[in-house]
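Note that the structure is a prediction, hence the values are computed from the model and not measured. Whatever order the structure lists them in is the order used to number ligands and atoms, beginning at 1.
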Amino acid sequence: MDIALCGLPRSGKSTLWTILTGIEVPQGSRAETRRGVVKVPDPRLDALTVLFQPKKRTPATVTYLDLAPVETGGGGRAENPVLGDLRAADALLVVLRVWDDPSDPHPEGSIDPARDLDSLETEFLLADMEVAHKRIERLNASIKKTNRDEEKKERELLTRVLSWLEEEKALREAPFREDELKSLRGFAFLTLKPLLVAANLPEERTEDLEASAGAFGLEGLEDRAQFEFVALSARIEEEISGLPPEDAQAFREDMGITEPALDRLIRASYRLLGLISFFTVGEDECRAWTIKAGTPARQAAGAIHSDLERGFIRAETVEWDKLLEVGSMAAAREKAFLRLEGKDYIVKDGEILHIRHSG
Ligand SMILES: Nc1nc2c(ncn2[C@@H]2O[C@H](COP(=O)(O)OP(=O)(O)OP(=O)(O)O)[C@@H](O)[C@H]2O)c(=O)[nH]1
Ligand SMILES: [Mg+2]
């Protein structure tokens, strides 16, 4: 699952990507796409690891892409390589510049995160309109010749897409049916992708680190679909990431930061992608596995190994906190906390699974 960092020039994308991934960005190589795999912080897995003392602890991961900036206001969106990279991602992480530095001025001349978000979203909207419009033109030509129902159906759907976009509304807010969303998938519309907005604050505004979007003039964001907001300071996180863990903790306490902003950001990304974790535990390994919310047990077993999916008999399941309470799988069985579930059981976030299988 790829999350693409995007934003106006010099908003702090590469700085944020570096502290997320721990990979240094070489100066001056800005046009290149970089990917980095990031471990998802999970206190539940930490607690299970303390209990089982396994040889190995394997967290869930997400991948972040660092891209060139989005240039707004220009033409030729269909050919813009950055927009192409964004289309290939599963979700977008917009970095908004709230920090100010007179020696490194904002390209628009002033700090205004609401304006920046608006111009980025407009850019995405126009790019999507271009895609829909082009396809409709092709379909028109083809329908004239062949008059196929399938193409007429597609044109009808895309016409609805276009009129929705013309009202300046993102497609993720539109009431499409499941089957319609499926036929739209191939177009990789930008405004259909889940959106995470990170406000990159100046270092001195630590009291705003846990503030909601409204504090930055970003009104009405809370009710949006498939949307998350996190406020952080890339600079502070950069400083913290250079400290030994004990000092980092003390530094955070001094600044009144309860949860590391990076942890909040990564967990928000994971949520936004519609992902949940189930765990497998034992002396060898405690591990978080990633599935889409709503995945049935048999398919979830396939995330571990295809053999487990094929030979699936039953899943033994228990909530992570119940397992911690009793201390072992055997005790959970004794106390009847352990349930036996069939192949269609929908796995819940935070459950421990033990798959019984044949072969
Ligand atoms: N003062 C201050 N400077 C910052 C902050 N975040 C980033 N910068 C500086 O801003 C400049 C641009 O940061 P980058 O992380 O490269 O920004 P970017 O969005 O990747 O830039 P482009 O890829 O060129 O669009 C660098 O000199 C950073 O050190 C911040 O929170 N405060
Ligand atoms: Mg950059």
Side-chain angles (χ1 to χ4, degrees), residues 2-36 38 63-74 77 80-86 88-89 91-121 123-124 190 195-211 215-218 229-243 248 251-252 255 257 260-262 264-266 269:
D2 289 354
I3 302 179
L5 273 74
C6 52
L8 297 182
R10 305 193 85 66
S11 48
K13 301 177 291 297
S14 299
T15 306
L16 186 58
W17 184 85
T18 299
I19 49 179
L20 277 166
T21 60
I23 304 169
E24 289 295 331
V25 180
Q27 285 290 323
S29 60
R30 44 179 275 174
E32 201 183 319
T33 306
R34 300 177 196 87
R35 11 167 81 240
V38 175
T63 302
Y64 289 94
L65 307 181
D66 183 31
L67 303 177
V70 175
E71 308 285 350
T72 55
R77 285 176 191 94
N80 187 327
V82 178
L83 296 184
D85 285 337
L86 294 180
L92 307 181
L93 164 48
V94 165
V95 181
L96 295 179
R97 174 166 166 177
V98 187
W99 59 274
D100 198 6
D101 186 346
S103 68
D104 190 349
H106 188 293
E108 297 292 322
S110 64
I111 300 298
D112 185 347
R115 172 204 60 203
D116 294 350
L117 181 60
D118 195 55
S119 59
L120 286 164
E121 290 204 278
E123 203 60 30
F124 299 157
L190 294 174
L195 183 66
L196 173 58
V197 169
N200 188 10
L201 306 193
E203 289 135 273
E204 59 281 3
R205 290 213 11 210
T206 50
E207 74 280 6
D208 287 335
L209 283 175
E210 280 158 52
F216 310 96
L218 302 163
F229 174 84
V230 174
L232 54 83
S233 160
R235 261 295 146 80
I236 292 180
E237 295 301 319
E238 198 174 26
E239 282 168 35
I240 293 177
S241 67
L243 297 173
F251 185 90
R252 284 204 176 92
M255 307 197 85
I257 303 171
L262 282 190
R264 275 192 288 130
L265 183 72
I266 299 165
S269 315

Just jot down the ligand 1 atoms closer than 4.0 angstrom to any heavy atom of [X], in number order.
| X | result |
| --- | --- |
| Asn200 | 6 (N), 31 (O) |
| Pro9 | 25 (O) |
| Asp104 | 10 (O), 11 (C), 27 (O) |

For this session: With Arg34 as reference, evaluate Leu65, Asp66, Leu5, Ile23 under the side-chain contact (heavy atoms from CB on, under 4.5 Å) test and give the passing residue.
Result: Asp66

Any nitrogen or oxygen of [X], side chain or backbone, less than 3.5 Å from one on ligand 1?
| X | value |
| --- | --- |
| Asp66 | no |
| Asp100 | no |
| Ser233 | no |
| Gly12 | yes |

Exercise. When you look for heavy atoms under 4.0 Å from ligand 1, do you find them on the side chain of Val95, its backbone, both, or neither?
Worked result: neither

Non-hydrogen side-chain atoms of [X] and [Y] separated by less than 4.5 Å:
| X | Y | result |
| --- | --- | --- |
| Trp99 | Asp104 | yes |
| Leu265 | Leu196 | yes |
| Leu16 | Tyr64 | no |
| Ile240 | Leu262 | no |

For this session: Please name the pair of heavy atoms, one in Ala198 and one in Leu93, separated by the smallest distance, quoted to 0.1 Å.
Result: CB-CD1, 3.8 Å

Exercise. With a cut-off of 2.8 Å, does any N, O or S atom of Thr15 fall short of it relative to the Mg ion (ligand 2)?
Worked result: no

Exercise. Which is it for Asp2 and Arg35 under the salt bridge (Lys or Arg N to Asp or Glu O under 4.0 Å) test, yes or no, and what are the steps along the way?
Worked result: CA-CA 9 Å; Asp2 289 354; Arg35 11 167 81 240; 2.5 Å; yes

